[in-house]
Asks: 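Below is one structure. I have some questions about it.
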2 protein chains.
Amino acid sequence: MEINQIIDNIYPLTSISKDLIKASIVEMKFPKGHILFKANKIEKSIYFIKKGIARAYAYSDDNQITFWFGKEGDPIVSMQSYVNNEKGYEDVELLEDCELYELKTEQLQKLFLEDSHIANWGRKFAELEIIKSEKRLISLQFENATQRYLALLNNYPSLLQRVQLSHIASYLGITQISLSRIRANLK
Amino acid sequence: MEINQIIDNIYPLTSISKDLIKASIVEMKFPKGHILFKANKIEKSIYFIKKGIARAYAYSDDNQITFWFGKEGDPIVSMQSYVNNEKGYEDVELLEDCELYELKTEQLQKLFLEDSHIANWGRKFAELEIIKSEKRLISLQFENATQRYLALLNNYPSLLQRVQLSHIASYLGITQISLSRIRANLK
DNA sequence: TGTCGTTTTTATCATTTGTTAAATGATTTC
DNA sequence: GAAATCATTTAACAAATGATAAAAACGACA
């Protein structure tokens, strides 16, 4: 997805303000498997996915637990870094060859203070992330694993073709074996 | 908690901007048991808790499931209404006699467009809500019920004295009976 | 204090999910 | 195309949680 559309989908901006954001954006390519964010590090940039797919995970004991997937158009953000300038707890791994738009947090923070439209764009950006997070939370608390699996496929039909089941199981909060059982029961 | 402190804790504002927000705020009192938000309704206001405690819940089949607690200093927001001007899915019930600060969303939206400092305040407000939501999500996905119970008590020591165990169990994503077992095992 | 209604705990059994191990399938590499 | 590696499924048993019912504890209040 192109950067103009990504920016506009968040909040409509005049072309002047949009150009200010775009002037701070650099396009980058990374291969499948690249680790974009490392846990326990303050991330200095946020990204938008032009092409490809990514996951965020953290460790619980020795297990990687995936808690986020991002696809074309989605932002990649370590919220702890972005909001509080603190170390994040997650790795972000690219699951396909990716084309990304990089935006340095420091530059964005400057724009927030210099341009009130961009401040409102940043507000909307955060608000939309809350909605996503809240939906996911409700899904985890209200639905059982089977319902969550079906809902995920519904929201994201190509996920099965693009991502290993072990990552999906982990995202759903169950073991891969349990997901296998669920899939077997659905047949 | 007083409104000045609540506003400042989110993002520091000049007294001019802060006064603009405060001019739109009305203090209100409601008795224990009052239903502040009703599901399937567009909520026109957000609130801040001066004194008291509240919970948000939604129905799953016939069961109320509590997914949020708010105490002194916390905002009460139906995010679907606040962000998208759409119907919320939750009721909010006051669990004690409450003193609240009411802020009409429409007035706040105006302030966002008129005052860039307030726009940044609104951005920070949203960003802090993301952090809360993300922490809760991680807790639900990474921790078992016992760990979640202990973490909740840790973050919120007075909760046990102020809220029924049935609400806490529901918030933890387990039945009250299961919470009883967990508590018995901890002794 | 004693009763009533509500909240919390305990007990029993069924169901779901986790754990470990092994078998099957799919993909890569030489 | 055979071997090696990785992903997925199946099986058997253990542990955690849910459902239902009943008992115990607690609180409000006459």
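Order of the sequence lines sets the chain letters (A, B, ...), proteins ahead of strands, with each chain counted from 1.
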Asks: With a 4.5 Å cut-off on side-chain heavy atoms, are A:D115 and A:I21 touching?
Replies: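 They are not in contact (no side-chain heavy atoms under 4.5 Å apart), so the answer is no.
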Asks: Within a strict 4.5 Å, meaning less than it, do heavy atoms of the B:E99 and B:M28 side chains meet?
Replies: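 The answer is no; the side chains never approach within 4.5 Å.
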Asks: Once you round to the nearest 0.5 Å, how far does NZ of B:K22 lie from OG of B:S17?
Replies: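 So the NZ of B:K22 and the OG of B:S17 are separated by 12.0 Å.
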Asks: Given a cutoff of under 4.5 Å between side-chain heavy atoms of I, L, V, M, F, W and Y, with clusters grown through shared members, what are the other residues clustered with B:Y57?
Replies: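 Members besides B:Y57, by chain and number: B:I35, B:Y59.
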Asks: Any protein N or O atoms within reach of nucleotides 5-12 of chain D? Criterion: under 3.5 Å, listing atom names and distances.
Replies:
unit_1 : atom_1 : unit_2 : atom_2 : d
D:dA7  : OP1    : A:Q164 : OE1    : 2.5
D:dT8  : OP1    : A:L165 : N      : 3.3
D:dT8  : OP2    : A:L165 : N      : 3.2
D:dT8  : OP2    : A:Q176 : NE2    : 3.4
D:dT9  : OP1    : A:R183 : NE     : 3.4
D:dT9  : OP1    : A:R183 : NH2    : 3.2
D:dT9  : OP2    : A:S180 : OG     : 2.7
D:dT9  : O5'    : A:S180 : OG     : 3.2

Asks: Spell out protein contact along nucleotides 24-30 of chain C as letters: B when the base is contacted, S when just the sugar-phosphate is, - when no protein heavy atom is under 4.0 Å; keep the 5' to 3' order.
Replies: -------
Asks: Apply ring pair (Phe, Tyr, Trp, His ring centres under 6.0 Å) to B:Y47 and list each qualifying residue two or more places apart in sequence or on a separate chain.
Replies: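 Checked B:Y47 against ring pair (Phe, Tyr, Trp, His ring centres under 6.0 Å); matches are B:F37.
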Asks: Mind checking what makes ring pair (Phe, Tyr, Trp, His ring centres under 6.0 Å) contact with A:F30, not counting sequence neighbours?
Replies: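 So A:F30 forms a ring pair (Phe, Tyr, Trp, His ring centres under 6.0 Å) with A:H34.
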Asks: Distance from B:E134 atom CD to A:S133 atom OG, nearest 0.5 Å?
Replies: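 That separation rounds to 6.5 Å.
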Asks: Residues two or more places apart in sequence or in another chain: which of them pass side chain to side chain donor-acceptor pair (under 3.5 Å) with B:K29?
Replies: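 None.
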Asks: In whole angstrom, what separates B:I168's CD1 from C:dT9's C1'?
Replies: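 Rounded to the whole Å, the gap is 15 Å.
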Asks: Starting at CG of A:N4, measure out to NZ of A:K18 and round the result to the nearest 0.5 Å.
Replies: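 The CG atom of A:N4 sits 4.0 Å away from the NZ atom of A:K18.
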Asks: Identify, with sequence neighbours excluded, every residue that meets side chain to side chain donor-acceptor pair (under 3.5 Å) alongside B:Q176.
Replies: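 Once residues adjacent in sequence are excluded, B:Q176 has no partner under the side chain to side chain donor-acceptor pair (under 3.5 Å) criterion.
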Asks: Is it true that B:E129 and B:K135 have a side-chain N and a carboxylate O under 4.0 angstrom from each other?
Replies: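 No salt bridge links B:E129 with B:K135.
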Asks: Who are the side chain to side chain donor-acceptor pair (under 3.5 Å) partners of B:T146, not counting sequence neighbours?
Replies: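 By the side chain to side chain donor-acceptor pair (under 3.5 Å) rule, B:T146 matches no residue at all.
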Asks: Within residues 135-161 of chain B, find the residues that approach DNA chain D with a heavy atom at under 4.0 Å, and present them sorted by residue number.
Replies: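 Per residue number, the list reads B:A145.
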Asks: Taking C-beta and beyond as the side chain, do A:K87 and A:S81 meet within less than 4.5 Å on heavy atoms?
Replies: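 No - every pair of side-chain heavy atoms lies 4.5 Å or more apart.
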Asks: Show which residues join B:L160 in its hydrophobic cluster (side-chain heavy-atom contacts under 4.5 Å, direct or indirect), or state none.
Replies: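 Cluster partners of B:L160: B:I53, B:F69, B:L95, B:Y149, B:L150, B:L152, B:L153, B:Y156, B:L159, B:V163, B:L165, B:I168, B:Y171, B:L172, B:I174, B:L179, B:I182, B:L186.
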Asks: Dump the pairs, protein N or O against N or O of nucleotides 24-26 of chain D, anything under 3.5 Å, distances to one decimal.
Replies:
none

Asks: Taking atom C1' of C:dT17 as reference, at what distance in whole Å does atom CD1 of B:I174 sit?
Replies: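 Distance check: B:I174 CD1 to C:dT17 C1' gives 15 Å.
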Asks: How bent is the helix from C:dT1-D:dA30 to C:dC30-D:dG1, measuring the angle between the end axes built from five pairs each, rounded to 10°?
Replies: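 End-to-end axis angle: 40°.
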Asks: Where the side chain of A:W121 meets the backbone of A:F112, is there a donor-acceptor pair that is under 3.5 Å apart?
Replies: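 No.
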Asks: Starting from C1' on D:dG18, measure out to CG on B:L172 and report it in whole angstrom.
Replies: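 In whole Å, D:dG18 C1' and B:L172 CG are 15 Å from each other.
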